[in-house]
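Accompanying notes for the structure given below.
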Amino acid sequence: MRRDTIMTGQSMVGPDGGLLGRLFFGGPRTSWRSKLSWLLEPSAMDVIFAVRSSLAAVLSLLIAMGMELDSPQWAPLTVWVVAQSSRGESLSKARWRIAGTVLGCCIGVALIAAFPQASALFFCCLAVWIGLCCGGATFLESYRAYGLVLTGFTSAIVATGAIAQPDEVFDIAIARGTYIILGVVCEALLAVLFMPTLQTQARKRLLDRLNGAFQTVRHVVSDLVSGRADAQTQGQVLTDLMAANARIEFDALEMGPRTHAADHAHAALAAMIMVLARARGMALLLEPKNEGAQADVPLPASLYADYDIARQHIEACAHPKRGDRFRFKMTSRRHALEAVENGIRSCAGILAGWLVWEVTGWPAGAGFISFVALVYGLLATRENPIVASTPFLKGALWCAFAAAIYAFWIMPAVTAPEVLIVMLMLVMTIGGLAARKPATAGYAFSFNMFLPVLIGPGNQSRFSEEAFFNNAMAFLVAVTFVGWTYRLVLPFRVDSHMRRTARWVERRLKALGAPGSRVTVHQWLAESASSLVRILRNAQGVPQPVRLAYMQTQFRAMTMGMHIVFLRDVAKDPVLPLSARRGIQVFLRKWVQTGTDATAWAGMTEGWLLRQMHGKPFEVQETLQKAAISLRILAAERPEDVLS
């Protein structure tokens, strides 16, 4: 019995922690410490971002209250919408937000003027307009898409705010525009004060990102040619390259308008993607016949030309030259079906929200519609709105809880602007720290923006309990409503997206061989890489064998497309013998007709080209030799291994 008691005591305080150990010394404490590392152990940059954004939000609120604006809480919301970790992101988002706000205010005024007494027509037109904005945003990139969806939900905010007082719609539109511009200016001012050496830091970040990507590609290419790099490694490298490509625009904005660093940076990353695709083709030719130890294989000479191109563009970013006129742009795939689905979903959501208001006669119905339109706009540009809506809802719940504490206990005791600053700075700084970490950014996304809206600070009054509950309930119901519509109305499914992408790649791959095709190698590789990376970011629920097989198929398609484009260009080269060009044209015609089944003709066409080399000039022989290698790589891809 004593031994049992001793053993029980050991289980409570022993080396493994036990119950008391886990409570005071072990498990949960370590777990919570890791979960709260963003708050307990923030980096210097995290603190700077949180304090800067919080100060800008509080400053915009005080200015709005000093201007006697009727709803000053919308100004700090704008600050948190615009605030980004880098100055370039804030600049890009701010300018598109201002443009979208101006257009949205005009549309809101026009809707009220056109349908002052016809609620059904008004909401139908508003729903169609928001659907067009959300659907059209799918075709745009970066914060241009955000600017378009902002136009839609700004129209809804202005129009629904003027439903009870249509004669004051112009004043409401001016007020909403003033809040947004005020928030943008405050955020920009604080960002300049906190980041004085803007251009130097931006150039350093860009060069560090490009040099890091270059070294990673060199390492992976060496492993790829030697047969040691798997599809998972290639996918991770592509993800890093596309992420770096997405941030070039922001660095370029910080570096100033009179530079072509962005074009050179895009070109450098495009050259690195081409190195990966070319290395994979070379790996097929150098693949050992027997299974044995994987040894290092010398890199083919053709890869060094792409390396040199990447180095030259990186050097052009580091040392810009006067009179540089270089232009380069990487494109991404446009998802037409997803744009239609996004537009239909948003349109149906606004109409359903109006029906809820119409049937229930909810006093806070106008605010509910405004929140629905706003949340649709915030989530419409996300790759997977279903995934994004869950942390958004959780952050909204925390926001409502914190706002209740402020509205009921803290705000009634505030008697001076200085006290208001101190009270708001604490919770806003915590939200800013959470926004810097990927694990908590989704929660902070809704928490930071809507906390001032729910608190509702004013000059001469505060929210009553009834007003607070109505406003908070409208907000939470709107967030929940939008989340469920994303799940019920044409929901995003990664498996169907993968099938659509596979069919798109198959059609696009066949069309590359057409004589009239103008798709370049860089365009093909960039579009294919962006589609694949998007799938990888949303395919966590897909079984790993299926995901790896799909990645391998996409990598093969990228390599094959690159060589088809090369053969298409060779077939148009007037320097080559007519017989050689006709042989390539016959193969490309088969390719356009049958797709990857035409690889059965690749070996025959290769032999034909090699026979045309005898007695020809060196330049002609070199081009024909490259074309023969491209055909050999295509032949190495069997029809059963490629897209079907």
Applying side chain to side chain donor-acceptor pair (under 3.5 Å) to T501 and not counting sequence neighbours gives R333
- Message: Classify the ring geometry of F475 against F450: parallel below 30°, tilted from 30° to 60°, perpendicular beyond 60°.
- Response: tilted
Side chain to side chain donor-acceptor pair (under 3.5 Å) filter on R176, not counting sequence neighbours, yields none
Donor-acceptor pairs under 3.5 Å, side chain of residues 419-426 to any protein atom, not counting sequence neighbours: which ones?
none

Across all chains, not counting sequence neighbours, the salt bridge (charged side-chain N to carboxylate O under 4.0 Å, His left out) partners of K394 are none
Sorted by chain and residue number, the side chain to side chain donor-acceptor pair (under 3.5 Å) partners of R493 (sequence neighbours excluded) come out as D495
- Item | Cationic tip of R382 above Y486 ring, under 6.0 Å, 45° of axis | no
Taken in chain and number order and not counting sequence neighbours, the residues that satisfy side chain to side chain contact (heavy atoms under 4.5 Å, CB included) with L40 are L36
The complete set of salt bridge (Lys or Arg N to Asp or Glu O under 4.0 Å) pairs with one or both residues in residues 405-415, sequence neighbours excluded, reads none
Sequence neighbours excluded, the answer for salt bridge (charged side-chain N to carboxylate O under 4.0 Å, His left out) partners of E338 is R500, R534
Those residues at least two apart in sequence (or on a different chain) that pass side chain to side chain donor-acceptor pair (under 3.5 Å) with S155 are W129
Just distance, no hydrogens or angles: give the donor-acceptor pairs under 3.5 Å from side chains in residues 358-366, sequence neighbours left out.
from	atom 1	to	atom 2	distance (Å)
E358	OE1	W354	NE1	3.3
T360	OG1	V356	O	2.6
T360	OG1	W362	N	3.4

Hits for side chain to side chain contact (heavy atoms under 4.5 Å, CB included) against A373, two or more places apart or cross-chain, chain-then-number order -> I130, F153, A156, I350
Next on the checklist: With a 4.5 Å cut-off on side-chain heavy atoms, are R487 and T390 touching?
Outcome noted: yes
P391 meets the side chain to side chain contact (heavy atoms under 4.5 Å, CB included) criterion, sequence neighbours left out, with Y443
